[in-house]
Amino acid sequence: MRSLERDLLKWIVGALAVGTVLVTVAAYWVTLEEMHEVFNAELKTIAEGVARMHHANQDWTASADIPARTDIPDNSEIVTQSWTAAGKRLYISDPRVSLPFLSIEGQSQPLVGGERWIVHTVLRHGYVAQAAQRQSQRQQMAGESAAQISSMMVGLVAAVGALLVFSLRRGLAPLDGAARDIATRSARSLAPIPMGAAPQELKPVIESTNELLRRLGESFLAQRRFLADAAHELRTPITALRLQLQMLKRSPDETSKQVSLEELESGIDRSQHLVEQLLQVARSEPDVENMRVAAVDLAALARSVAGRFAIKADARRVDLGVHVIDEAVVDGDVQQLTVLLNNLVDNALRYAPGGPVTIEVLMDLAHPVIRVSDDGPGIPEPERTRVFDRFFRGTSGSQDPEGSGLGLSIVRAIAEKHDAKVELGYKEGGRGLSVSVVFQAAQTRMRN
Ligand SMILES: Nc1ncnc2c1ncn2[C@@H]1O[C@H](COP(=O)(O)OP(=O)(O)O)[C@@H](O)[C@H]1O
Ligand SMILES: [Mg+2]
């Protein structure tokens, strides 16, 4: 895994190291240039000084008058020599170094004894005077000063690296604290991570983690509530089943036994319906990953659902029709959309027996719409917001023993998974009920 500390250290120390090399090289060249300037002037002054000395003592007969050196001169010293104009050597300051005779004024760089020398020659009054220095001498001095600068830079790099590690560890310490906090809390605790002294850069991470914890908490709570409600709802039909079973046991004759058996059977039907509804609720939970999305033709969907309800509609003397006003295709999970439409049609047949029930498919301003309308009692205005709550049953539903109060909550959950809205309205003329599922406009769908 990538480490912030290692990355920063690598980059910053690396950049400083490259900088150190560049500075050292530059320092060497600048110093050498400076040395040339200073020592070239020096050599000239010294050579002129030697020439002037000879001129002052014209009848001076050469080396005899100048005491010869007895010590071995330093390698780094500037050496001097003088000659007559004819090339007879008059004086040599270091007997180890005999520079070649030159009668041209100015600087030259001869090789003497395998070493490069920098020589300044002066011609005055019939004398030739020379002052010279080893080139390596200047290079060595420039090298020494560059080495000093470089060692200081290396110290600086080490100090910056150490400071970087220190400040990063200090800055990231709150993260360790937060990790420890999460590690030690109980699995049930969804309390937010304290922001504490966390650096600004970590705030978005902590904030979004807290937001996730909050949503997890909400969904845990919703699940627990649903489980409690479901258990409560299941108790009623099971109690009824037990009663019916006792009746059956006690039936004195064949006919009453038959009646009890039929009641028991419809009781089992109701329980099964409830269990199926509960299962649908569980499946309509908003985990979008489990959706198998494909293009769904709403007209085909309407026809297949209508076909499945044909017998039930006949039994309730309902004229169940499909009316395709526009062709409409949506991206969705065909199984879930079938469950949605089943619930709407089931309600219409249940609460509006005897009248016509229509499934309409249309486009409303580029929004695909599927709508189920009936001529029944409708849902009174004050109940309209609550009918989508789980286990809520309205006035029209309270007479029906088979209801669970889950149908419309399933409809809404599935619609939300499909980014669709559920709208309650009236059939034309202000009668009955029409439930419209309005999908996202076609262009919006294509982008997803
Ligand atoms: N087509 C309809 N006509 C009249 N009332 C309806 C219709 N559909 C639903 N309702 C009302 O909304 C309530 C909630 O519906 P639903 O969630 O399907 O539960 P259930 O049908 O099991 O009672 C019903 O109890 C009923 O009062
Ligand atoms: Mg229902």
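Position 1 is the first residue of the sequence; numbering continues from there. Counting starts at 1 for both ligands and their atoms, in listed order.
- Each of Gln135, Arg134, Gln137 was compared with Glu115 under the side chain to side chain donor-acceptor pair (under 3.5 Å) criterion, and only Arg134 meets it.
- In this structure, Arg390 is positioned above the aromatic face of Phe226, its NZ or CZ under 6.0 Å from the six-membered ring centre and within 45° of the axis.
- By the 6.0 Å contact criterion, CD on Glu218 is enclosed, its count of non-hydrogen atoms from other residues, nucleotides or ligands being greater than 12.
- A cation-pi geometry, defined here as NZ or CZ lying under 6.0 Å from the six-membered ring centre and within 45° of its normal, holds between Arg384 and Tyr426.
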List the atom pairs, with distances to 0.1 Å, where a side-chain N or O of residues 427-438 and a protein N or O form a donor-acceptor pair under 3.5 Å, not counting sequence neighbours.
residue: Lys427; atom: NZ; partner: Asp375; partner atom: OD1; Å: 2.9
residue: Arg431; atom: NH1; partner: Asp375; partner atom: OD1; Å: 3.1
residue: Arg431; atom: NH1; partner: Asp375; partner atom: OD2; Å: 3.4
residue: Ser436; atom: OG; partner: Arg371; partner atom: NE; Å: 2.8

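- Inter-residue side-chain proximity for Pro100 and Val112 is flagged as met; some heavy-atom pair is nearer than 4.5 Å.
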Name the atoms and distances for all side-chain donor-acceptor pairs under 3.5 Å in residues 260-271, with sequence neighbours left out.
residue: Ser260; atom: OG; partner: Ser256; partner atom: O; Å: 3.1
residue: Ser266; atom: OG; partner: Glu263; partner atom: O; Å: 3.1
residue: Ser271; atom: OG; partner: Gly267; partner atom: O; Å: 3.0

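- A donor-acceptor pair shorter than 3.5 Å cannot be found between the side chains of Thr358 and Ser373.
- Sorted by chain then number, the residues whose non-hydrogen atoms approach ligand 1 to under 4.0 Å are Asn347, Ala348, Tyr351, Asp374, Gly378, Ile379, Val387, Phe392, Arg393, Gly394, Ser396, Gly397, Gly403, Ser404, Gly405, Leu406, Gly407, Leu408, Leu433.
- Distances from the Mg ion (ligand 2) under 2.8 Å pick out these protein N/O/S atoms: Asn347 OD1.
- Val329 and Pro368 make their closest contact through O-CG, 4.1 Å (heavy atoms, listed as atom of the first residue, atom of the second, distance).
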